[in-house]
Amino acid sequence: MRALDEKETTAVFEKLFKFTGKNLKNIVEKASHEGPDGGDRQSRYCFRLQKNRVYYVSESVVRRATNISRDKLVSLGTCIGKFTKGGSFHLTVQALGLLAENAKHKVWVKPTSEMSFLYGNHVLKGGVGRITEGVGPGDGVVVFSMSDVALGFGVAAKGTQECRRLDPNGIVVLHQGDVGEYLRMEDDL
């Protein structure tokens, strides 16, 4: 396990910024209260790389994990994404908790469209219950149920204004990840 280099950090922060905007600061500066160090002095969360996967983990846990050899270390903290062989960074569904609490743009889907999204389909205009103002095409959005349960995330295909004029079968959010992946891809996670 090692710290991210400058190129990797830029790729991770650009992807997170797409979904969180200025709230990225909240993720980076979040105080940690884990472990025996939590009571005496505050530590922060950091990003670490292990086998092409990026983890969001408390610094106090990282210090204690140095006693474990790299080949025996399976996971540490929350896996938020992975680097492909081509070098690009992809968020995984485990990052949904971070994205949901710091999301800049949100889309709420109707109960009739929840299952369709959880099966990996895009969000259609007919299934949108609400959408935040100011969403532009290509912006990262977090998809919620109408009862404010985070279901997944994706990229806006259309802006907020364009969605109002769209026909009911038009795609509003392009699917990238959802909680249904825990069942569909349990071997890969």
Side-chain angles (χ1 to χ4, degrees), residues 1 3-4 8-9 11-35 37-38 42-62 64-65 73-83 88-109 111 113-123 129-132 135 139-156 173-189:
M1 178 165 302
L4 302 175
E8 293 164 341
T9 303
V12 170
F13 281 4
E14 283 176 355
K15 186 66 80 165
L16 287 174
F17 185 80
K18 184 175 186 176
F19 288 91
T20 61
K22 293 178 183 176
N23 295 336
L24 177 62
K25 186 176 90 168
N26 298 340
I27 295 173
V28 174
E29 295 178 354
K30 183 177 179 182
S32 168
H33 302 289
E34 293 179 0
D37 300 344
Q42 282 192 351
S43 65
R44 301 223 179 269
Y45 281 88
C46 59
F47 297 95
R48 291 290 185 256
L49 185 72
Q50 171 76 5
K51 298 178 184 173
N52 288 337
R53 295 192 180 271
V54 178
Y55 294 91
Y56 182 67
V57 61
S58 168
E59 289 175 346
S60 63
V61 174
V62 170
R64 286 193 290 284
L73 186 64
V74 176
S75 177
L76 187 67
T78 303
C79 178
I80 62 163
K82 61 184 177 181
F83 282 99
S88 61
F89 179 71
H90 292 273
L91 288 171
T92 57
V93 69
Q94 293 98 328
L96 183 59
L98 278 176
L99 297 178
E101 65 186 38
N102 296 295
K104 180 179 178 184
H105 302 296
K106 300 176 183 179
V107 171
W108 289 266
V109 294
S113 297
E114 286 179 16
M115 288 306 292
S116 175
F117 182 73
L118 293 177
Y119 283 128
N121 298 319
H122 303 307
V123 176
R130 293 188 332 231
I131 186 169
T132 55
V135 176
D139 287 346
V141 295
V142 178
V143 178
F144 289 88
S145 68
M146 291 304 283
S147 57
D148 279 335
V149 175
L151 300 176
F153 55 91
V155 176
V173 177
L174 300 170
H175 176 275
Q176 282 193 340
D178 65 80
V179 294
E181 289 179 18
Y182 284 117
L183 297 175
R184 291 192 313 268
M185 306 165 94
E186 63 183 310
D187 294 337
D188 298 335
L189 297 176

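- If you run side-chain contact (heavy atoms from CB on, under 4.5 Å) between Leu99 and each of Leu16, Val141, Ile80, only Leu16 comes through.
- By the 4.5 Å heavy-atom criterion applied to side chains, Gln176 and Val155 are counted as neighbours.
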When you look at Leu151 and Val109, which way does the side chain to side chain contact (heavy atoms under 4.5 Å, CB included) test go after all the steps?
CA-CA 9 Å; Leu151 300 176; Val109 294; 3.8 Å; yes
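- For the side-chain contact (heavy atoms from CB on, under 4.5 Å) criterion with Phe47, the lone passing option out of Ile27, Val57, Thr9 is Ile27.
- In terms of heavy-atom proximity, Glu181 sits nearest to Val93 at OE1-CB, 3.9 Å.
- Note that OG of Ser75 and CE of Met1 are 7.5 Å apart. Values are rounded to the nearest 0.5 Å.
- In terms of the ring pair (Phe, Tyr, Trp, His ring centres under 6.0 Å) criterion, residue partners of Phe83 (sequence neighbours excluded) are, by chain and number, Phe89.
- Residues meeting the salt bridge (Lys or Arg N to Asp or Glu O under 4.0 Å) test with Asp139, sequence neighbours left out: none.
- Across every non-hydrogen atom of Ala156 and Val135, the tightest pair is CB-CG1, 3.6 Å.
- Under a cut-off of 6.0 angstrom, the local environment of NZ in Lys51 is crowded, with over 12 non-hydrogen atoms contributed by other residues, nucleotides or ligands.
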Verdict with supporting geometry, Phe13 and Val28, side chain to side chain contact (heavy atoms under 4.5 Å, CB included):
CA-CA 10 Å; Phe13 281 4; Val28 174; 3.9 Å; yes
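- Between His105 and Gly140, the shortest heavy-atom distance links the atoms CB-O, 3.7 Å.
- For the atom pair CG of Asp148 and CH2 of Trp108, the computed distance is 6.5 Å after rounding to the nearest 0.5 Å.
- Side-chain contact between Glu8 and Leu49: present, with at least one pair of heavy atoms (C-beta onward) separated by less than 4.5 Å.
- Between Leu76 and Val61, the closest side-chain pair of non-hydrogen atoms falls below 4.5 Å.
- Evaluation of the salt bridge (charged side-chain N to carboxylate O under 4.0 Å, His left out) test over residues 88-108, restricted to residues two or more places apart or in two chains, returns Lys30-Glu101.
- The distance from atom OG1 of Thr132 to atom CZ of Arg130, rounded to the nearest 0.5 Å, is 10.0 Å.
- Evaluation of the side-chain hydrogen bond (donor to acceptor under 3.5 Å, both in side chains) rule for Ser145 yields Ser147 as partners, not counting sequence neighbours.
- Remark: Glu14 engages no residue in a salt bridge (Lys or Arg N to Asp or Glu O under 4.0 Å) (not counting sequence neighbours).
- Val142 and Ala100 get closest at one heavy-atom pair: CG1-CA, 4.2 Å.
- For the pair Asn23 (side chain) and Asn102 (backbone), a donor-acceptor distance under 3.5 Å is present.
- Heavy-atom minimum distance, Gly152 versus Leu96: O-CD1, 3.6 Å.
- For the side chain to side chain contact (heavy atoms under 4.5 Å, CB included) test, residues two or more places apart in sequence or in another chain that qualify with Cys79 are Arg53, Tyr55, Thr92.
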Tabulate below the donor-acceptor pairs under 3.5 Å that side-chain atoms of residues 114-122 make, not counting sequence neighbours, or state none.
from	atom 1	to	atom 2	distance (Å)
Ser116	OG	Asn121	ND2	3.3
Asn121	ND2	Ser116	O	3.3
His122	ND1	His175	N	2.9

